[in-house]
Amino acid sequence: RQTMLHNTKRIFTVAILTICLSLVFFGCAQTTTDTNPTIDVTTPYTYTSVWPDNEYTETIFPPEGATVVSVRDFSSSGRYEIHLTDIARDAADAYVQQLIDNGFASVADSKNDVSAGVLLQKGNTTLSIAYSGDNLTLLITLAGETGTEQ
């Protein structure tokens with residue numbers, strides 16, 4: 001039974017992440033005559049426990065107590081992904097609130113008993129956050145890098 005519950009949680013996490021990614025790519029950015037570049041899903045994960053310090057993470061901060069597991073660099077598409085673990089649901093909710101308190105605006109969100117997805121925006125940074133169980137995924141998009149105007 002626990003295996004089934006664990007698999008259900010993973011399915012919900014993937015579903016929420018897919019919704020958030022769809023919102024980032026199609027829902028919140030007005031496009032110019034250029035088309036948005038797509039993410040190359042074959043981009044490998046870089047396994048690390050270190051919070052990345054780059055142009056994508058300039059406007060955000062790591063969630064307190066969470067552990068970085070991996071990153072994926074989609075900078076050719078104006079995006080960067082960070083996977084974290086060891087974060088409780090309450091701590092993930094608090095992290096989202098801290099980002100809002102630091103100037104991010106909530107564009108969209110969806111929550112249920114198992115998982116949550118939130119889309120935040122500040123300046124040229126759009127932040128898609130998906131979390132379930134003790135896992136949290138951030139997809140950071142820089143508007144100027146993707147050919148979009150916001």
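Keep in mind the model is a prediction, meaning the values are calculated, not measured.
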* Got H83 and N135 here, is their nearest side-chain heavy-atom distance under 4.5 Å? -> no
* Does S110 use its side chain to pair, donor to acceptor, with the backbone of G117 at less than 3.5 Å? -> no
* Asked: Are Y131 and V69 in one and the same hydrophobic cluster, where Ile, Leu, Val, Met, Phe, Trp and Tyr link if side-chain heavy atoms are under 4.5 Å apart?
  -> no
* Asked: Which heavy-atom pair separates D73 from T43 by the least distance, and what is that distance?
  -> O-CG2, 3.5 Å
* Over all heavy atoms of both residues, which pair between S106 and L120 is shortest? Give the atoms and the distance, please. => CA-CD2, 3.6 Å
* Looking at CG of D134 and CD1 of I87, how far apart are the two atoms once the value is rounded to the nearest 0.5 Å? -> 9.5 Å
* For T59 and F104, what are the C-alpha separation, side-chain angles and deciding distance, and is it a side-chain contact (heavy atoms from CB on, under 4.5 Å)? -> CA-CA 9 Å; T59 59; F104 276 87; 3.9 Å; yes
* For F74 and T141, what are the C-alpha separation, side-chain angles and deciding distance, and is it a side-chain contact (heavy atoms from CB on, under 4.5 Å)? -> CA-CA 9 Å; F74 301 112; T141 304; over 6 Å; no
* To do: First locate atom CG of L84, then atom OG1 of T137, and finally report the distance between them rounded to the nearest 0.5 Å.
  => 7.5 Å
* Test salt bridge (Lys or Arg N to Asp or Glu O under 4.0 Å) applied to D93 - qualifying residues, sequence neighbours left out -> R89, K111
* **Heavy-atom side-chain proximity of I129 to L99 below 4.5 angstrom** => yes
* Between P62 and Y95, which heavy-atom pair has the shortest distance, and what is it? -> C-CE1, 3.8 Å
* For the side chain of S77 and the backbone of R79, is there at least one donor-acceptor N/O pair under 3.5 Å apart? -> no
* Asked: Checking side-chain contact (heavy atoms from CB on, under 4.5 Å) for the pair L138/Y56: CA distance, chi angles, key distance, verdict?
  -> CA-CA 11 Å; L138 304 171; Y56 294 91; over 6 Å; no
* Cluster question for you: counting only ILVMFWY and a side-chain heavy-atom cut-off of under 4.5 Å, with indirect links fine, are Y45 and L136 together? -> no
* Asked: Got a sec: does the CG of D101 have more than 12 other heavy atoms crowding it under 6.0 Å?
  -> yes
* With distance as the sole test, does K122 use its side chain to make a donor-acceptor pair with the main-chain N or O of N102 at under 3.5 Å? -> yes
* Could you go through the side-chain contact (heavy atoms from CB on, under 4.5 Å) check for I82 and T57 one step at a time? => CA-CA 10 Å; I82 306 170; T57 59; 3.9 Å; yes
